[in-house]
Amino acid sequence: MQSKYKVGLMRLNLLAAALLLALLAHQTELVTSALLLWLGVAWLTVTAIRIEFSHLRPATLPWQLVPSLLLASLLWTDPERHALWIWIWPALLMLPQPSWMLGLTVALAALTWWSVQDLLGFEQALFSGLVMLILVLPGLARNRQLQPLQFATRQRVRLVPGLPLWSAHQLTSDLRRERARCRREGVHGELLLLSSSRHLLWPLAQNLCQQTHDFENCYRLDRHTLAALLLSRDEAQASDRRESLLKGLRSPVKARFTSLNAIGSLEDQLLRFEKQRTSLEIDSETVHGR
């Protein structure tokens with residue numbers, strides 16, 4: 001199934017959930033509860049509208065943080081009306097999320113169960129707590145199984161759909177492949193390192209990707225550094241490409257071009273780039289060999 005069909009189905013589900021929350025918010029008399037429900041409606045609607053653009057940059061906070069906080073707030077402010085919603089916690093725990101978010105979700109689930117126990121009575125509260133614990137444990141186990149797969153996937157997926165921007169982990173393996181390709185086919189390959197301020201990095205990344213060929217990849221190494229593997233027929237064409245590429249970058253940058261045959265290791269290149277004091281350095285094979 002193509003991703004666009006999955007996006008359409010996901011958008012439909014989110015909008016249906018937003019409609020359901022809107023009906024509940026309309027019928028709720030408590031102002032605080034109604035406000036929280038309308039916030040949930042707004043979040044679901046915005047998520048549905050922007051779902052195709054959700055990977056334009058890596059999320060600094062997991063999206064599960066919003067529904068977890070909204071659910072906890074509803075159970076704290078209006079437990080009489082929303083006590084049954086406590087059973088949503090096991091489902092939230094099954095969703096992929098970082099370890100700190102997993103711990104926060106467990107803590108919120110425990111606190112909200114404690115807040116509604118007075119409504120249930122001792123026996124029912126104890127029974128519901130045991131049942132919830134039984135449901136939570138498979139969710140935690142499932143999440144633990146997914147974490148290694150998620151980590152490996154995040155290391156290899158494109159950071160921006162539609163643009164050849166990849167993670168730093170991918171660059172390590174691509175360097176070996178492109179170096180062997182250059183030696184086999186007799187083409188000239190270069191590693192480009194770019195550094196810019198944090199707030200200019202993503203516009204610079206999109207600008208860099210637009211100036212590379214379809215068979216060339218770009219990489220985000222950290223919050224300030226980008227990289228690209230450039231392929232040219234020979235040194236003369238590589239020199240022309242360097243000049244035109246730097247002219248096309250709208251942001252002020254620090255740049256370093258290094259021939260793939262002159263690279264010892266990626267860590268060594270990053271260390272040289274960090275110590276670089278000039279805005280541009282070209283480390284060709286002949287210079288490296290002196």
Side-chain angles (χ1 to χ4, degrees), residues 2-4 6-7 52-63 96-99 145-185 187-198 200-232 238 241-242 245-246 248-249 251 253-274 276 283 285:
Q2 295 183 12
S3 60
K4 62 180 180 180
K6 296 179 182 179
V7 167
E52 290 182 319
F53 306 98
S54 60
H55 297 292
L56 286 180
R57 59 185 65 189
T60 55
L61 290 175
W63 71 269
Q97 53 198 293
S99 299
Q145 290 177 350
L146 290 176
Q147 282 183 354
L149 179 62
Q150 288 177 312
F151 178 77
T153 302
R154 283 196 301 268
Q155 295 294 334
R156 291 170 173 83
V157 297
R158 290 193 182 193
L159 301 179
V160 180
L163 292 178
L165 186 66
W166 302 79
S167 67
H169 184 274
Q170 186 67 29
L171 176 58
T172 304
S173 59
D174 287 355
L175 266 176
R176 294 191 296 267
R177 186 190 69 239
E178 294 302 326
R179 185 187 292 118
R181 175 184 175 184
C182 290
R183 291 173 179 171
R184 182 177 64 252
E185 300 180 5
V187 298
H188 181 83
E190 289 185 336
L191 170 66
L192 165 62
L193 295 175
L194 290 175
S195 179
S196 182
S197 59
R198 182 177 179 181
L200 294 176
L201 186 71
W202 285 102
L204 177 63
Q206 295 185 5
N207 190 200
L208 175 64
C209 290
Q210 291 167 0
Q211 295 194 66
T212 55
H213 299 304
D214 294 338
F215 52 84
E216 296 173 328
N217 289 336
C218 304
Y219 309 85
R220 176 186 180 270
L221 305 186
D222 55 41
R223 293 178 296 178
H224 301 277
T225 311
L226 299 171
L229 291 176
L230 307 177
L231 299 175
S232 305
R241 287 204 66 194
R242 288 195 293 265
L245 191 147
L246 290 175
L249 296 178
S251 304
V253 296
K254 181 175 75 171
R256 185 183 188 91
F257 293 87
T258 306
S259 170
L260 294 187
N261 291 330
I263 294 178
S265 66
L266 180 59
E267 292 75 14
D268 180 55
Q269 289 303 310
L270 292 176
L271 182 60
R272 292 187 182 187
F273 187 55
E274 183 180 353
Q276 179 177 317
D283 190 6
E285 185 176 4

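If you read the sequence from its start, that first residue is 1, and numbering goes on from there.
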| Can you tell me how far the CG atom of Leu194 sits from the OG1 atom of Thr225, to the nearest 0.5 Å? | 9.0 Å

| task | Would you indicate whether the side-chain heavy atoms of Gln170 and Asn217 approach each other to under 4.5 Å? | result | no

| message | Measuring only between side-chain heavy atoms, which start at C-beta, is His224 closer than 4.5 Å to Leu201? | response | no

| Minimum-distance pair of heavy atoms, taken over all atoms of His188 and Ser259 | CE1-OG, 4.1 Å

| field | side-chain contact (heavy atoms from CB on, under 4.5 Å) assessment of Asn207 paired with Leu249 | value | CA-CA 7 Å; Asn207 190 200; Leu249 296 178; 3.7 Å; yes

| query | Judged by atom type as modelled, is there a donor-acceptor pair below 3.5 Å linking the side chain of Arg220 to the main-chain atoms of Trp202? | reply | no

| To the nearest 0.5 Å, how far apart are CG in Leu226 and CG in Leu192? | 8.5 Å

| said: Do the side chains of Glu190 and Arg242 get close enough for a salt bridge, i.e. N-O under 4.0 angstrom? | reply: yes

| message | Just verifying a value: how many Å separate Asp268 CG and Phe273 CZ, rounded to the nearest 0.5 Å? | response | 14.0 Å

| field | Non-hydrogen side-chain atoms of Leu245 and Leu208 separated by less than 4.5 Å | value | yes

| Of all heavy-atom pairs between Ile263 and Arg179, which one has the smallest distance, and what is that distance? | O-NH2, 3.5 Å

| said: Determine whether Glu178 and Leu231 satisfy the following criterion, side-chain contact (heavy atoms from CB on, under 4.5 Å), listing intermediate values before the conclusion. | reply: CA-CA 9 Å; Glu178 294 302 326; Leu231 299 175; 3.5 Å; yes

| task | For the pair Phe257 and Leu230, evaluate side-chain contact (heavy atoms from CB on, under 4.5 Å) and give the outcome as yes or no after the intermediate values. | result | CA-CA 9 Å; Phe257 293 87; Leu230 307 177; 3.9 Å; yes

| If you measure from CG on Leu204 to OG on Ser196, what distance do you get to the nearest 0.5 Å? | 5.5 Å

| Do other residues, nucleotides or ligands put more than 12 heavy atoms under 6.0 Å from the CZ atom of Arg177? | yes

| said: Rounded to the nearest 0.5 Å, what separates atom CD in Glu274 from atom CG in Leu270? | reply: 8.5 Å

| message | As a quick check of understanding, evaluate side-chain contact (heavy atoms from CB on, under 4.5 Å) for Val253 and Leu200, giving each step before the final call. | response | CA-CA 10 Å; Val253 296; Leu200 294 176; over 6 Å; no

| Student check: side-chain heavy atoms of Leu193 and Leu221 closer than 4.5 Å | yes

| request: Indicate yes or no for a side-chain donor-acceptor contact from Gln276 to the backbone of Ala255 under 3.5 Å, with no hydrogens or angles considered. | output: yes

| field | For Arg241 against Ser232, the heavy-atom pair lying closest together | value | CD-OG, 3.5 Å

| task | Mind checking side-chain contact (heavy atoms from CB on, under 4.5 Å) for Glu267 and listing every partner two or more places apart, or none if nothing turns up? | result | Ser265

